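Just so you know, these numbers come straight off a predicted model, no measurement behind them.
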Amino acid sequence: FSVFGFENFMLKLYDDLELVEVVLDTLSSYYATLVRKVLEYELDFLYIGDDVAYKSGLFVRPELFRRLWIHRMDRLMAPARAKGIPIMYHSDGDIMEILPELLDMGVTALNPIEPYGMDIRAVRKRFGKRLCLVGNLDVGGNLSSGTPDDVRSEAKGVIDAVGRDGAFVLASSHSITPNVPPENFLAMVEAAHSFVY
């Protein structure tokens, strides 16, 4: 999206799909080279991502998305998969529809699982511990405007729902933004340590 801008990218999908594919091929070649260079270092995991969805679903029709995105993203993940390095994938929004393809590409962890985009319980139920879940505390909710007790309570609820058997990392549903009070951030960290089973 950064080459065209989001609105122009969406228009180009209809006006000049061939140009979009040429640009995506160029970018994926560049990033594939970058990933190979990064993997020359000892890594515990590869963190890779691309915001591809609104809270209501993918930015574009699933069939177009698969045509444009799947094989290009797989090209970026293949070197890590070949080296046996776990892959954490980041996207905001509801990407439930493409999670099977992500698992096929070697993704073993998903971040940030926004609570207003995907139901973390449904993700756990469908994919079990094949997928480590990372995130889910609403950065726009209790983390930003609640009390430390609110944060601890929300954290305990998420841990109880999906974290009892592992394959879960408690974290923000996005990042720790400037509007998160330090005491709420610390409450999240303390909750992660307190509710370990």
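Taken from CG in Asn111 to OH in Tyr47, the straight-line distance is 4.0 Å, to the nearest 0.5 Å. If you take CG on Asn136 and CD1 on Ile120, they are separated by 3.5 Å, rounding to the nearest 0.5 Å. Summarising the geometry, atom CD belonging to Glu154 is positioned 6.5 Å from atom CG belonging to Asp138; distances are rounded to the nearest 0.5 Å. Between the CD1 atom in Ile95 and the CG atom in Leu58 there is a gap of 8.5 Å [rounded to 0.5 Å]. For the atom pair CG of Leu76 and CE of Met105, the computed distance is 9.5 Å after rounding to the nearest 0.5 Å. We find the CG-NE2 distance between Leu170 and His193 to be 10.0 Å, quoted to the nearest 0.5 Å.
Atom CZ of Phe127 has more than 12 heavy atoms from other residues, nucleotides or ligands within 6.0 Å. In Glu183, the CD atom is crowded: over 12 heavy atoms of neighbouring residues, nucleotides or ligands sit closer than 6.0 Å. Within 6.0 Å of CG in Asp15 there are more than 12 heavy atoms belonging to other residues, nucleotides or ligands.
For the pair Leu19 and Phe4, the minimum side-chain heavy-atom distance is below 4.5 Å. Under the 4.5 Å side-chain criterion, counting only non-hydrogen atoms from C-beta, Lys12 is not in contact with Val23. Proximity of Leu143 to Val151: side-chain heavy atoms (C-beta onward) are separated by under 4.5 Å at one or more points. Contact of the Ile98 side chain with the Val52 side chain is registered, since non-hydrogen atoms from C-beta on lie closer than 4.5 Å. Taking 4.5 Å as the limit, every side-chain heavy atom of Asn142 sits out of range of all side-chain heavy atoms of Asn184. In this structure, Asp119 and Met96 have side chains that are not in contact, with every pair of non-hydrogen atoms separated by 4.5 Å or more. Two residues are said to be in side-chain contact when any heavy atoms from C-beta on lie closer than 4.5 Å; Met118 and Ser91 fail this criterion. In this structure, Ile176 and Met188 have side chains that are in contact, with non-hydrogen atoms separated by less than 4.5 Å.
Applying the salt bridge (Lys or Arg N to Asp or Glu O under 4.0 Å) test to every pair with at least one member in residues 89-116, sequence neighbours left out, gives these pairs: Arg66-Glu101. Listed by first then second residue, pairs satisfying salt bridge (Lys or Arg N to Asp or Glu O under 4.0 Å) with a partner in residues 18-43 read Glu21-Arg67, Glu21-Arg72, Asp25-Arg72, Lys37-Glu40, not counting sequence neighbours.
When all heavy atoms of Ser145 and Gly140 are compared, the closest pair comes out as OG-O, 4.4 Å. Heavy atoms only, all atoms of each residue included: Arg124 and Ala167 are closest at NH2-O, 2.6 Å. Considering all non-hydrogen atoms of both residues, Ser172 and Pro112 come closest at O-CB, 3.9 Å. Minimum interatomic distance between Tyr116 and Ser173 (heavy atoms only, all atoms of both residues): OH-OG, 3.9 Å. For Ile85 against Leu46, the heavy-atom pair with the smallest separation is CG2-N, 3.8 Å. Smallest separation of non-hydrogen atoms from Gly157 and Arg121: O-NH2, 3.8 Å.
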* To do: Evaluate the criterion side-chain contact (heavy atoms from CB on, under 4.5 Å) for residue pair Leu68 and Leu13; output intermediate values, then yes/no.
  => CA-CA 10 Å; Leu68 295 174; Leu13 290 176; 3.5 Å; yes

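Checked by atom type, the side-chain pair Asn179/Thr177 shows a donor-acceptor distance below 3.5 Å. In the model, Ser153 has no side-chain atom that pairs as donor or acceptor with a side-chain atom of Asp150 under 3.5 Å.
In this pair, Phe59 and Tyr54 present their aromatic rings perpendicular. The plane angle is above 60°, beyond the 30 to 60° band. The aromatic rings of Trp69 and Tyr89 stand perpendicular to each other, their planes meeting at an angle above 60°, with 30° marking the opposite boundary.
A salt bridge between Asp74 and Arg81 is present, with a side-chain N of the basic residue lying under 4.0 Å from a carboxylate O of the acidic one.
Linking ILVMFWY side-chain heavy atoms closer than 4.5 Å, directly or via other members, places Val107 and Leu99 in a single hydrophobic cluster. If you chain together hydrophobic residues whose side chains sit under 4.5 Å apart, Val60 and Leu11 never meet in one group. There is a path of hydrophobic side-chain contacts, each under 4.5 Å, that joins Leu102 to Phe65. By the criterion of side-chain heavy atoms lying less than 4.5 angstrom apart, applied directly or through intervening Ile, Leu, Val, Met, Phe, Trp or Tyr residues, Leu17 is grouped together with Ile70 in one hydrophobic cluster. Both Ile87 and Leu34 belong to a single network of hydrophobic side chains, linked directly or stepwise wherever heavy atoms of I, L, V, M, F, W or Y lie under 4.5 Å apart.
Here the side chain of Ser144 pairs no donor or acceptor atom with the backbone of Val180 at under 3.5 angstrom. Between the side chain of Arg152 and the backbone N or O of Glu190, no donor-acceptor pair lies under 3.5 Å.
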